[in-house]
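Have a look at the structure below, then the notes.
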Amino acid sequence: MEHKQTINFGAGPAKLPQPVLRQAQKELLHYRDTGISVLEMSHRSSDFARILNTTTDLLKELLDIPDNYKVLLLQGGGCGQFSAVPLNLIGLKEDRRADYLVTGNWSAAAAKEAEKYGKINIVHPKLDSYTKIPDSGCWTLNPSASYLYYCSNETVHGVEYNFIPETNGPVLVCDMSSNFLSRPVDVSKFGLIFAGAQKNVGCAGVTVVIVREDLLGHSMKECPVILDYKTQADMNSLYNTPPCFSIYIMGLVLEWIKNNGGSVAMELLNKQKSTRIYDVISASNGFYVCPVEEACRSRMNVTFHIGNKEGDKTLEKKFLDGATQRGMMSLKGHRSVGGMRASLYNAVTLEEAEALASYMKEFQKGQQ
Ligand SMILES: *Cc1c(COP(=O)(O)O)cnc(C)c1O
């Protein structure tokens with residue numbers, strides 16, 4: 001059966017590369033020469049150990065992760081890390097204080113969760129809409145904070161950092177769930193990076209945590225053992241049953257990224273894809289409106305309204321109906337912001353982004 005007609009612009013879980021799905025299908029019943037499926041395999045077996053180690057080695061290679069970092073593959077999603085980060089790191093300093101940048105739904109949720117465990121300082125005046133990144137010149141950073149936290153790509157609002165925040169001391173923590181491996185990143189600038197796999201590097205179920213070794217072993221005594229980085233690091237992510245199949249799928253996606261030029265090539269492609277859409281928006285004389293300031297428009301999630309700044313509901317419905325007819329799915333914006341959102345993660349091809357750009361131009365013409 002051929003499903004190639006559908007273009008998936010979903011925000012997550014999101015499109016997977018076709019070759020990955022084909023390989024997973026081919027290997028589903030009998031993984032290599034094991035005679036069984038990965039779904040049936042003991043997480044303590046040497047076959048699964050090979051899958052786990054290959055996957056972490058690929059992450060180290062693709063992100064050039066320095067030797068003094070551990071790579072953990074955990075459950076609980078990005079949201080699990082909203083709790084795990086403070087439980088493990090807020091006690092780095094006795095005061096239990098942490099700084100947060102709140103630039104969208106995801107960092108707001110992380111800050112709210114962290115408040116259970118210590119004193120949280122939002123380092124900038126509260127934003128009345130999540131359409132920009134407050135100027136770093138006016139951040140009030142606490143030099144004795146245990147860490148500074150931010151979300152490098154706000155999936156719901158389409159706001160992405162094009163720089164790495166300077167903490168002037170405290171450890172830097174980043175939620176990279178929705179732009180992980182979409183571009184190169186200097187891991188050595190971070191104390192901890194985490195990312196759920198289901199946006200850019202796989203399917204739901206596994207969360208990557210990259211943590212500097214000296215930050216292990218400082219968790220609060222209340223920290224649930226499965227969220228304790230040191231326990232998981234000491235046991236190579238095998239304290240309990242890991243999400244075996246999701247790890248296997250992520251391994252295939254990482255191999256695909258490697259075969260397609262790694263993070264540098266992904267960045268080039270992601271720039272091209274998002275530029276195609278933003279160019280149509282800019283040239284539309286206000287027919288399409290992207291609410292996000294230009295300097296921080298996301299390459300991963302392009303958000304826009306149709307007809308005017310708030311979005312004309314009739315036009316937007318018509319646009320979505322036409323998209324469906326063309327096999328383009330999941331373009332509807334997040335329920336909290338409305339409008340449209342095109343997610344252009346690694347697996348979305350340039351041709352698919354171009355198909356959307358053409359449709360947008362055609363749709364505008366049809367209204368005039
Ligand atoms: C999707 C997402 C999350 C939440 O991930 P879950 O796996 O659903 O917990 C957190 N942060 C960002 C930036 C996301 O895009």
Side-chain angles (χ1 to χ4, degrees), residues 8-16 72-88 98 100-114 116 127 130-133 147-162 164-165 172-183 185 190 192-211 224 226-227 232 237 242-243 245-247 249-250 253 266 270 274 292 296-303 330 332-337 341-348:
N8 183 359
F9 291 109
K15 189 187 175 196
L16 286 165
L72 312 178
L73 304 179
L74 306 178
Q75 308 210 39
C79 291
Q81 294 305 309
F82 296 172
S83 321
V85 164
L87 281 162
N88 280 274
Y100 276 71
L101 284 154
V102 174
T103 51
N105 275 23
W106 290 118
S107 50
K112 182 157 181 271
E113 177 66 12
K116 294 178 184 168
L127 298 174
Y130 293 130
T131 54
K132 63 179 170 199
I133 292 166
Y147 60 84
L148 170 66
Y149 179 105
Y150 78 112
C151 172
S152 55
N153 184 69
E154 290 284 1
T155 323
V156 170
H157 300 87
V159 173
E160 186 171 18
Y161 288 69
N162 280 306
I164 296 177
L172 185 62
V173 173
C174 185
D175 174 2
M176 287 192 192
S177 293
S178 55
N179 66 354
F180 190 63
L181 270 169
S182 71
R183 53 164 83 194
V185 62
F190 297 84
L192 184 142
I193 292 167
F194 70 84
Q198 73 270 28
K199 315 288 165 62
N200 259 315
V201 290
C203 63
V206 60
T207 308
V208 179
V209 174
I210 301 168
V211 55
I226 58 161
L227 295 182
Q232 293 285 10
S237 306
F245 197 76
S246 303
I247 291 172
I249 294 289
M250 184 166 73
V253 174
M266 291 300 126
N270 290 324
S274 54
V292 180
C296 55
R297 286 185 179 173
S298 171
R299 291 176 195 160
M300 299 282 96
N301 314 98
V302 179
T303 54
S330 301
K332 195 169 181 179
H334 189 272
R335 61 193 181 282
S336 67
V337 290
R341 171 175 56 175
S343 296
L344 307 173
Y345 300 124
N346 288 344
V348 174

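None of these values were measured; they are calculated from a predicted model. Just follow the structure's listing: the first ligand is 1, and inside any ligand the first atom is 1.
Using a 4.0 Å cut-off between heavy atoms, Ala204 makes no contact with ligand 1 at all. At a 4.0 Å heavy-atom cut-off, ligand 1 does not touch Phe180 at all. At a heavy-atom cutoff of 4.0 Å, ligand 1 is contacted by no atom of Glu154, backbone or side chain.
Counting only N and O atoms by type, the side chains of Tyr345 and Asn270 include no donor and acceptor under 3.5 Å apart. For the residue pair Asn346 / Ser182, no side-chain donor-acceptor distance below 3.5 Å is found, with atom types taken as modelled.
For ligand 1, the polar-atom distance check finds an N/O of Cys79 within less than 3.5 Å of one of the ligand's N/O atoms.
Checking Arg299, Arg183, Arg297 one by one against Glu160, the side chain to side chain donor-acceptor pair (under 3.5 Å) holds for a single residue, Arg183.
Ligand 1 places these atoms under 4.0 Å from at least one heavy atom of Phe82: 10 (C). Taking a cut-off of under 4.0 Å to the non-hydrogen atoms of Cys151, the atoms of ligand 1 that pass are 13 (C). In the vicinity of Gly77, heavy-atom distances shorter than 4.0 Å reach the ligand 1 atoms 7 (O), 9 (O). The contact set between ligand 1 and Gly78, taken as ligand atoms under 4.0 Å from a residue heavy atom, comprises 5 (O), 6 (P), 7 (O), 9 (O). Within ligand 1, counting atoms from 1 as listed, the ones closer than 4.0 Å to a heavy atom of Ser178 are 13 (C), 15 (O). Near Thr155, meaning under 4.0 Å from one of its heavy atoms, ligand 1 places the atoms 12 (C), 13 (C), 14 (C), 15 (O).
Residue Gly12 places no heavy atom under 4.0 Å from ligand 1. Residue Gln198 places a heavy atom under 4.0 Å from ligand 1. The shortest heavy-atom distance from Gly196 to ligand 1 is not under 4.0 Å. Residue contact check for ligand 1: Asn153 places a non-hydrogen atom closer than 4.0 Å to it.
With rounding to the nearest 0.5 Å, the separation of CH2 in Trp106 from NE2 in His157 is 11.0 Å. Within the model, atoms CZ of Phe190 and OH of Tyr150 stand 3.5 Å from one another, a figure rounded to the nearest 0.5 Å. Note: Ser343 OG to His334 NE2 = 11.0 Å, rounded to the nearest 0.5 Å. We find the CG-CG distance between Leu344 and Asn301 to be 8.0 Å, quoted to the nearest 0.5 Å. Note: Asp175 CG to Ser152 OG = 6.5 Å, rounded to the nearest 0.5 Å. If you take CG on Asn179 and OH on Tyr161, they are separated by 11.5 Å, rounding to the nearest 0.5 Å.
Summary of contacts: the protein heavy atom closest to atom 11 (N) of ligand 1 is Asp175 OD2, 2.6 Å. Of the protein's non-hydrogen atoms, the one nearest atom 2 (C) of ligand 1 is Lys199 NZ, 2.6 Å.
By the 30° and 60° cut-offs, the orientation of the rings of Tyr149 relative to Tyr100 is parallel.
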